[in-house]
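As the structure is a computational prediction, the values presented were derived from the model and not from experiment.
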Amino acid sequence: MKGRKMLRVLWVFLAFMLACTMLSRASSALTVAVVKTASPGKMVISHKVTATGKIEGNQELAISAESGQKISQILVREGELVNPGDVLLQMELGALKEQISSFRQELEKIELEKSALESSKRLQEQKRELAIQRAQEDYDRAMAKGDQAVFQAAGEWDQAVEELNAYYQNAEIQEEQESVYKEKIQAAQKAYEEAEISRDEALQTAVRALEDARVQEPPDNSVRIKEAEAKSIRRQMKKLQKFQEAGAKVTAPVKGSVTKIQATVGEITADAPLLFLADLSAGCRFTAQVEKEQEEYLGKGAPVTLSNEQKKKTVEDLQIDSVKVNPEDASLLDVCVYLPEDALEIGDSAKMTVEQKSGSYNTCIPIQALHVANGTYFVYVLQEEEAILGKQLTARTVNVTVQEQNETYAALDDGCLSGDQKVIQDASKTIDEGSPVRLDET
């Protein structure tokens with residue numbers, strides 16, 4: 001009887017211990033971090049850069065019309081494909097006819113003004129020629145008159161000298177008579193000199209008048225200006241008349257895609273382009289912007305793949321043509337890729353993928369397994385230790401050196417980890433050095 005009682009107590013104790021063990025394990029399962037692991041392996045680290053951009057034409061044409069036209073219809077939309085001769089814009093014919101009529105009236109006015117200017121110019125030239133002729137006649141008269149006065153004064157001077165000489169030869173010298181003859185000579189000499197001065201002054205005045213008459217007036221280009229204005233109006237009229245004959249329609253010069261419309265119905269055209277057309281015959285290019293930090297993977301000639309999800313189309317074996325710093329934001333790069341014919345259409349959006357592969361590394365782990373603190377990289381590896389309830393898995397810290405990494409994997413120096421070590425790449429909660437963990441059985 002006593003033995004049975006002791007046996008019953010033993011079974012109750014064992015059941016209690018079993019329940020405690022199960023509770024302890026359940027509690028441990030709830031508090032211990034659940035982890036997923038990966039083994040270091042050999043692989044090639046590649047760097048992938050993606051960006052979304054747009055297909056553009058290599059050559060864009062600005063389409064405009066003669067200024068002063070009123071837009072009555074816009075017959076295309078942005079992104080629309082057009083062929084040579086397709087009508088893009090329709091102008092109002094009535095306004096065009098009025099403009100031609102206005103130019104014609106302006107031309108008639110200029111012709112009348114030009115004729116009046118020519119008549120005035122001829123009259124001015126006639127007046128100038130008459131003034132020169134009269135000034136020349138005055139000069140000739142002044143010279144003849146002056147020469148005659150000088151000649152006459154010279155004769156009187158010579159006569160006075162001869163009278164004095166005759167007096168010396170035929171009469172006795174008397175001082176009173178000699179002085180009379182000498183005074184007469186002096187008077188004749190003075191008269192001669194005054195005649196010369198008077199002649200020279202008259203000639204100088206006549207010469208100056210002749211020079212003034214011969215002075216050319218400043219060039220009068222008013223007639224030539226009017227001729228240039230008339231020529232310009234005739235040229236514009238010719239263009240407008242040709243435009244009128246074409247029905248006042250603006251047509252596509254080449255096969256292309258409408259990239260931008262900056263005209264509105266009812267607008268009066270000026271010198272600015274009305275729309276822009278990408279010339280399909282000149283090919284197209286893909287352009288996108290990426291962060292400048294990716295520059296080392298985006299050199300010219302780097303392989304590119306473009307994909308368009310909407311059209312389910314992928315274009316491979318392309319190359320980067322140029323990489324330039326964005327002129328508006330220095331933190332961005334403008335990437336350009338030229339496309340072969342019929343690869344994608346202008347206006348389409350596309351996703352660019354550039355993948356650059358590095359060398360092969362022996363020790364590579366998932367990037368989620370890599371941690372850094374105070375500039376030092378480390379990983380957590382599994383380690384099995386003895387515990388009260390048996391063997392227990394814990395996390396152990398191992399410092400590593402990173403050779404290269406991308407978005408998914410990191411390549412470590414050889415010898416940092418052994419091939420049989422399990423690296424913790426994911427944990428259900430935060431872990432530290434020595435933290436107990438258990439493997440995710442799923």
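By the 4.5 Å heavy-atom criterion applied to side chains, Glu407 and Ile367 are not counted as neighbours. Using a 4.5 Å heavy-atom threshold, the side chains of Gln148 and Lys145 count as separate. When side chains are defined from C-beta on, Gln136 counts as touching Asp140, because their heavy atoms get closer than 4.5 Å. Contact check for Ser64 versus Thr269: no side-chain heavy atoms found under the 4.5 Å cut-off. With a 4.5 Å cut-off on side-chain heavy atoms, Leu277 and Pro253 count as touching. Residues Ser435 and Thr430 form no side-chain contact, since every pair of their non-hydrogen atoms from C-beta on lies 4.5 Å or further apart. Taking 4.5 Å as the limit, every side-chain heavy atom of Ile74 sits out of range of all side-chain heavy atoms of Leu275. Side-chain contact between Glu211 and Val215 is absent, with no heavy atoms from C-beta onward closer than 4.5 Å.
Of all non-hydrogen atoms in Ile424 and Ala395, the two that sit nearest each other are CD1-CB, 3.9 Å. Closest of all the heavy-atom pairs between Val354 and Ala302 is CG1-CB, 4.1 Å. What you find for Gly256 and Leu280 is that their closest heavy atoms are CA-CG, 3.5 Å. Annotation for Val315 and Leu318: closest pair CG1-CD1, 3.8 Å, computed over non-hydrogen atoms. When every heavy atom of Ser67 is checked against every heavy atom of Asp271, the shortest pair comes out as CB-OD1, 4.0 Å. Residue Ala282 comes nearest to Asn58 through the heavy atom pair O-ND2, 3.0 Å, listed as atom of the first residue, atom of the second, then distance.
Separating the NZ atom in Lys182 from the CD atom in Gln189 is a distance of 13.5 Å, to the nearest 0.5 Å. Separating the CG atom in Leu344 from the CD1 atom in Ile55 is a distance of 5.0 Å, to the nearest 0.5 Å. From Lys231, atom NZ reaches atom CD1 of Ile110 across 14.0 Å, with rounding to the nearest 0.5 Å. From Leu332, atom CG reaches atom CD of Glu293 across 9.0 Å, with rounding to the nearest 0.5 Å. The OG1 atom of Thr397 sits 8.0 Å away from the CG atom of Asp432 when rounded to the nearest 0.5 Å. One finds the CG atom of Leu240 at 12.0 Å from the OG atom of Ser101 (value rounded to the nearest 0.5 Å).
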**Study point:** Step-by-step side-chain contact (heavy atoms from CB on, under 4.5 Å) determination, Val335 to Val49
**Key:** CA-CA 11 Å; Val335 181; Val49 180; over 6 Å; no
Review point. side-chain hydrogen bond (donor to acceptor under 3.5 Å, both in side chains) between Gln169 and Asn165: does it pass, once the steps are laid out?
Key: CA-CA 6 Å; Gln169 294 175 2; Asn165 291 333; over 6 Å; no
Point to revise | Criterion salt bridge (Lys or Arg N to Asp or Glu O under 4.0 Å) on Lys190 and Glu193, from CA distance to verdict | key: CA-CA 5 Å; Lys190 183 178 181 181; Glu193 291 173 352; over 6 Å; no
Point to revise | Derivation of the side-chain contact (heavy atoms from CB on, under 4.5 Å) call for Leu339 and Leu306 | key: CA-CA 10 Å; Leu339 303 181; Leu306 296 181; 3.4 Å; yes
Review point. Between Phe276 and Gln262, does a side-chain contact (heavy atoms from CB on, under 4.5 Å) hold up when you go through it step by step?
Key: CA-CA 8 Å; Phe276 292 90; Gln262 52 187 30; 3.7 Å; yes
Exercise for review: Report the C-alpha separation of Lys311 and Glu345 in whole Å, then their side-chain angles, then the decisive distance to 0.1 Å, and conclude whether the salt bridge (Lys or Arg N to Asp or Glu O under 4.0 Å) test is met.
Suggested key: CA-CA 11 Å; Lys311 295 183 177 180; Glu345 294 182 357; 3.3 Å; yes
Practice item. Give the intermediate values and the outcome of side-chain contact (heavy atoms from CB on, under 4.5 Å) for residues Thr251 and Val87. Key: CA-CA 4 Å; Thr251 58; Val87 180; 4.3 Å; yes
Check your understanding: Given Glu125 and Arg128, is the salt bridge (Lys or Arg N to Asp or Glu O under 4.0 Å) satisfied, shown in steps?
Key -> CA-CA 5 Å; Glu125 186 63 28; Arg128 177 175 175 273; 3.7 Å; yes
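The local environment of CD in Glu309 is sparse, with at most 12 non-hydrogen atoms from other residues, nucleotides or ligands closer than 6.0 Å. Heavy-atom contacts from other residues, nucleotides or ligands closer than 6.0 Å to CD of Glu328 number 12 or fewer. Counting non-hydrogen atoms of other residues, nucleotides and ligands closer than 6.0 Å to CG of Asn221 gives a total above 12. Heavy atoms of other residues, nucleotides or ligands lying less than 6.0 angstrom from CZ of Phe243 number more than 12. The number of heavy atoms from other shown groups lying within 6.0 Å of CD (Gln241) is above 12. The local environment of NZ in Lys121 is sparse, with at most 12 non-hydrogen atoms from other residues, nucleotides or ligands closer than 6.0 Å. For CZ of Arg141, the number of neighbouring non-hydrogen atoms (other residues, nucleotides, ligands) closer than 6.0 Å is greater than 12.
One finds a salt bridge joining Lys226 and Glu229 here, because a Lys/Arg side-chain nitrogen approaches an Asp/Glu carboxylate oxygen to under 4.0 Å.
Of the possible donor and acceptor atoms, none in the side chain of Arg396 sits under 3.5 Å from a partner among the backbone N and O of Leu382. In this structure, Asp413 contributes its side chain and Val400 its backbone to no donor-acceptor pair below 3.5 Å. At least one donor-acceptor pair closer than 3.5 Å links the side chain of Gln90 to the backbone N or O of Gly247. In this structure a side-chain-to-backbone donor-acceptor pair under 3.5 Å is missing from Ser360 to Val44. Of the possible donor and acceptor atoms, none in the side chain of Gln294 sits under 3.5 Å from a partner among the backbone N and O of Glu291. At distances below 3.5 Å, at least one donor-acceptor pair connects side-chain atoms of Thr205 with backbone N or O atoms of Glu201. Using modelled atom types, one side-chain atom of Glu78 and one backbone atom of Ile261 make a donor-acceptor pair closer than 3.5 Å. Between the side chain of Thr305 and the main chain of Thr353, no donor-acceptor pair closer than 3.5 Å is present.
Checking Gln69, Lys70, Arg104, Glu66 one by one against Gln99, the side-chain hydrogen bond (donor to acceptor under 3.5 Å, both in side chains) holds for a single residue, Gln69. When the options Gln356, Glu355, Lys357 are evaluated for a side-chain hydrogen bond (donor to acceptor under 3.5 Å, both in side chains) with Ser46, the one that passes is Glu355.
Using modelled atom types, one finds a donor on one side chain and an acceptor on the other under 3.5 Å when comparing Ser232 with Gln236. At a cut-off of 3.5 Å, with distance as the only test, a side-chain donor of Ser119 or Arg122 sits close to an acceptor on the other residue. A donor-acceptor pair shorter than 3.5 Å can be found between the side chains of Ser39 and Lys422. Side chains of Gln204 and Asp200: no donor on one and acceptor on the other come within 3.5 Å. A side-chain donor-acceptor contact under 3.5 Å links Glu404 and His47.
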Using distance only, find each side-chain donor-acceptor pair of residues 368-381 under 3.5 Å and give its atom names and separation, not counting sequence neighbours.
residue	atom	partner	partner atom	Å
Tyr380	OH	Ile431	O	3.4

